[in-house]
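These values consider heavy atoms only, across backbone and side chains, with no hydrogens, waters or symmetry-generated copies. When a residue number appears, it is its place in the shown sequence, counting from 1.
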Amino acid sequence: MKSLRIAIVGATGLVGTTVLKILEERNFPIATLLPVASEKSIGKFIKYGGAKVGIISLKTALSEKPDVAIFSAGGKVSQEWAPKFSNAGVTVIDNSSAWRMNEKIKLVVPEVNGDCLTSSDLIIANPNCTTMQLVMVLKPLHDKFKILRGVVSTYQSVTGTGQVAVSQMMDERSGLTPSEKAYPYPIDKNCIPHCDVFQDNGYTKEEMKVHFETKKIMRDDSISLSCTAVRVPVMCGHGESVFLEFKEDYEIEEVRSLLSSFPGVVLHDNPSSNEYPMPINAQGKDEVFVGRLRRDLCNLRGLHLWIVSDNLRKGAATNTVQIVELLNSVGRWE
C-alpha cells in the first residue's frame, strides 16, 4: 500500500492514542505523521516508531494537506473542521457522532458494508462502539435468516466515556474523592442505567444510536432493535446481551458456522467448560467475541447470544484504521 500523510486529531486522547498504537502494530505505511491536540498540548511530543513527533494545531495540520485525517476529538471539533479538511481534498474518518446519521455520509464497518465506499466519500463516519460490535454479529445472521426485531442490553465500560470516567472509577476504588466526575453517581461497585442523554421517548441517545445506526449500516430499515444501555465498573470492553427474532427457521449449528466463518468474529461458546466471552479476555484485541448461543424458550425463531469487544479498538480505533487500509488497498491515493 502507498505510504500516506496522516493527521490524528485528538492524538492524546484515549481513542487517539489507541489509533497510534494500532497503526504502529500493523506497520501501516506512514510518510508523515501529524498529531493534533488541544492548544495546551501544542509544542509537546508524542512517541511513535521510536521517535518523538511534535504536536501541532488543526490549522497547521490543514495547511500540510495530509492524505487522510482521523478525527477523535468530539463532535464540535468534527462539525467545524471535518468540512475544512474534506474541502481541501483530505479524506476524513470521523469517530464522533457528528456525521453518523447524515444521509450524505457513509457509516462504515469494513467487514459489513465496506463495499459502499466510493471515490467521492471524503467524510466517512465511524459508528458508535456499541453498534460496531453488534453489527459484526448481526450481518451473517441477517443475510441468512433475516432479523425482524431484537432487544439489546449493554454492559459498557468506563473507557467508553473517556479519561475523566476512568479517573473517577479509580479514585473511588482507592477510597479517594474524585476531583472531577463523569457520572452523577459512583461507578465503582455500581451499575448505572444511563449512557448519554435521555430523550423525550425515555431512551438515551446511546440507546437510539443502536436503533438507527444498525439500520443504516445493515442497509435495511426493517430491522427493529430496542436497547437498554448500562455503564458498569469495567475498565475496557463492552458486553451485550442480545435477543434476536428471525423471519426464517434456524439451527444452532448453522448459526455457529456462520459466525465462525465471518471475518473479525470469534465464536467462544463452550458453557460446559465455562468458556464464554468476557471483557478481560477481549481487552487489547481487535476481534468481536460471541458466545452463550441458545434458542429462546418461548419463540422458536428467537436466539439469545452474548457479544464482547474492546471498545477502544474494534469499537473505535481499529475500525478507523481498517477503513484507511481498505481505501488504500483500492487505490484511493494513487
Side-chain angles (χ1 to χ4, degrees), residues 109-114 127-157 159-160 209-211 213-214 217-218 220 223 225-230 232 234 236-297 299-319 322:
V109 179
E111 299 93 334
V112 177
N113 66 338
N128 175 268
C129 51
T130 311
T131 309
M132 187 103 62
Q133 65 187 66
L134 178 64
V135 296
M136 287 283 288
V137 172
L138 297 191
K139 172 63 174 172
L141 302 182
H142 184 63
D143 286 350
K144 181 66 177 181
F145 307 115
K146 190 171 178 58
I147 299 166
L148 298 178
R149 61 180 290 271
V151 178
V152 181
S153 299
T154 73
Y155 303 72
Q156 298 180 218
S157 68
T159 50
K209 288 172 187 176
V210 171
H211 178 80
E213 290 182 21
T214 298
I217 297 165
M218 300 283 285
D220 191 339
I223 301 174
L225 298 180
S226 293
C227 177
T228 298
V230 182
V232 297
V234 170
C236 188
H238 290 352
E240 297 174 350
S241 173
V242 182
F243 165 78
L244 301 173
E245 181 183 347
F246 298 124
K247 179 180 179 181
E248 306 294 337
D249 292 329
Y250 74 90
E251 296 296 334
I252 286 288
E253 287 308 313
E254 188 172 10
V255 170
R256 291 177 183 277
S257 177
L258 290 168
L259 293 174
S260 296
S261 60
F262 194 77
V265 172
V266 174
L267 181 65
H268 193 194
D269 186 41
N270 190 5
S272 63
S273 299
N274 297 330
E275 295 178 6
Y276 31 70
M278 295 183 292
I280 197 169
N281 301 128
Q283 189 170 349
K285 299 175 183 176
D286 292 324
E287 295 82 6
V288 174
F289 299 86
V290 59
R292 295 296 318 279
L293 273 60
R294 60 208 187 276
R295 192 181 298 273
D296 186 72
L297 296 176
N299 186 337
L300 294 180
R301 292 179 180 170
L303 174 73
H304 292 270
L305 42 80
W306 170 250
I307 305 169
V308 172
S309 186
D310 186 321
N311 54 291
L312 290 179
R313 291 184 69 98
K314 182 55 181 174
T318 300
N319 201 72
Q322 288 178 310

Considering all heavy atoms, the nearest [X]-[Y] contact:
{"X": "T131", "Y": "K209", "value": "OG1-O, 3.7 Å"}
{"X": "H238", "Y": "T130", "value": "CD2-OG1, 4.0 Å"}
{"X": "P127", "Y": "M132", "value": "O-CE, 3.5 Å"}
{"X": "P279", "Y": "V234", "value": "CB-CG1, 3.9 Å"}
{"X": "G237", "Y": "N311", "value": "N-OD1, 2.8 Å"}
{"X": "D310", "Y": "G284", "value": "OD2-N, 2.7 Å"}

For R295, is the CZ atom crowded, meaning more than 12 foreign heavy atoms sit under 6.0 Å from it?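 Atom CZ in R295 is crowded, with more than 12 foreign heavy atoms closer than 6.0 Å.
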With a cut-off of 6.0 Å (strictly less than), are more than 12 heavy atoms of other residues, nucleotides or ligands near CD1 of I280?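 Counting neighbours around CD1 of I280, 12 or fewer heavy atoms of other residues, nucleotides or ligands fall under 6.0 Å, so no.
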If we check ring pair (Phe, Tyr, Trp, His ring centres under 6.0 Å) with W306, which of these qualifies: Y276, F243, Y155? Y155
Inter-residue atom distance [X].[atom1] - [Y].[atom2], 0.5 Å rounding:
{"X": "T214", "Y": "I223", "atom1": "OG1", "atom2": "CD1", "result": "7.0 Å"}
{"X": "K139", "Y": "L259", "atom1": "NZ", "atom2": "CG", "result": "13.5 Å"}
{"X": "L244", "Y": "I147", "atom1": "CG", "atom2": "CD1", "result": "5.0 Å"}
{"X": "R313", "Y": "C129", "atom1": "CZ", "atom2": "SG", "result": "15.0 Å"}
{"X": "Y250", "Y": "L141", "atom1": "OH", "atom2": "CG", "result": "10.0 Å"}
{"X": "R301", "Y": "F145", "atom1": "CZ", "atom2": "CZ", "result": "11.5 Å"}

Are the side chains of [X] and [Y] in touch, meaning some heavy atoms are under 4.5 Å apart?
{"X": "D296", "Y": "H304", "answer": "yes"}
{"X": "N319", "Y": "D286", "answer": "no"}
{"X": "V152", "Y": "L134", "answer": "yes"}
{"X": "V137", "Y": "V242", "answer": "no"}
{"X": "F246", "Y": "K144", "answer": "no"}
{"X": "E287", "Y": "V265", "answer": "no"}
{"X": "D269", "Y": "E275", "answer": "no"}
{"X": "V151", "Y": "L225", "answer": "no"}

May I ask you to decide whether K314 forms a salt bridge with E111, counting only side-chain N to carboxylate O separations under 4.0 Å? yes
Would you mind checking if E248 and K146 are paired as a salt bridge, meaning a charged N to carboxylate O distance below 4.0 Å?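 E248 and K146: not salt-bridged.
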Show the numbers, then the answer: is there a side-chain contact (heavy atoms from CB on, under 4.5 Å) between L303 and R294? CA-CA 6 Å; L303 174 73; R294 60 208 187 276; 6.0 Å; no
Checking side-chain contact (heavy atoms from CB on, under 4.5 Å) for the pair V232/S157: CA distance, chi angles, key distance, verdict? CA-CA 6 Å; V232 297; S157 68; 5.5 Å; no
Let's go through E245 and N299 carefully: what are the C-alpha distance in whole Å and the side-chain angles of both, what is the deciding distance for side-chain contact (heavy atoms from CB on, under 4.5 Å) to 0.1 Å, and is it a yes or a no? CA-CA 8 Å; E245 181 183 347; N299 186 337; 3.4 Å; yes
Under 3.5 Å side-chain donor-acceptor pair for N270 and S272: yes
Can you list the residues that meet the salt bridge (charged side-chain N to carboxylate O under 4.0 Å, His left out) rule with E253, with sequence neighbours excluded? R256
Sequence neighbours excluded, the answer for side-chain hydrogen bond (donor to acceptor under 3.5 Å, both in side chains) partners of H142 is D220
Can you check side-chain contact (heavy atoms from CB on, under 4.5 Å) on V290 and V266, steps first, answer last? CA-CA 6 Å; V290 59; V266 174; over 6 Å; no
Given T154 and Q156, is the side chain to side chain donor-acceptor pair (under 3.5 Å) satisfied, shown in steps? CA-CA 6 Å; T154 73; Q156 298 180 218; 2.7 Å; yes
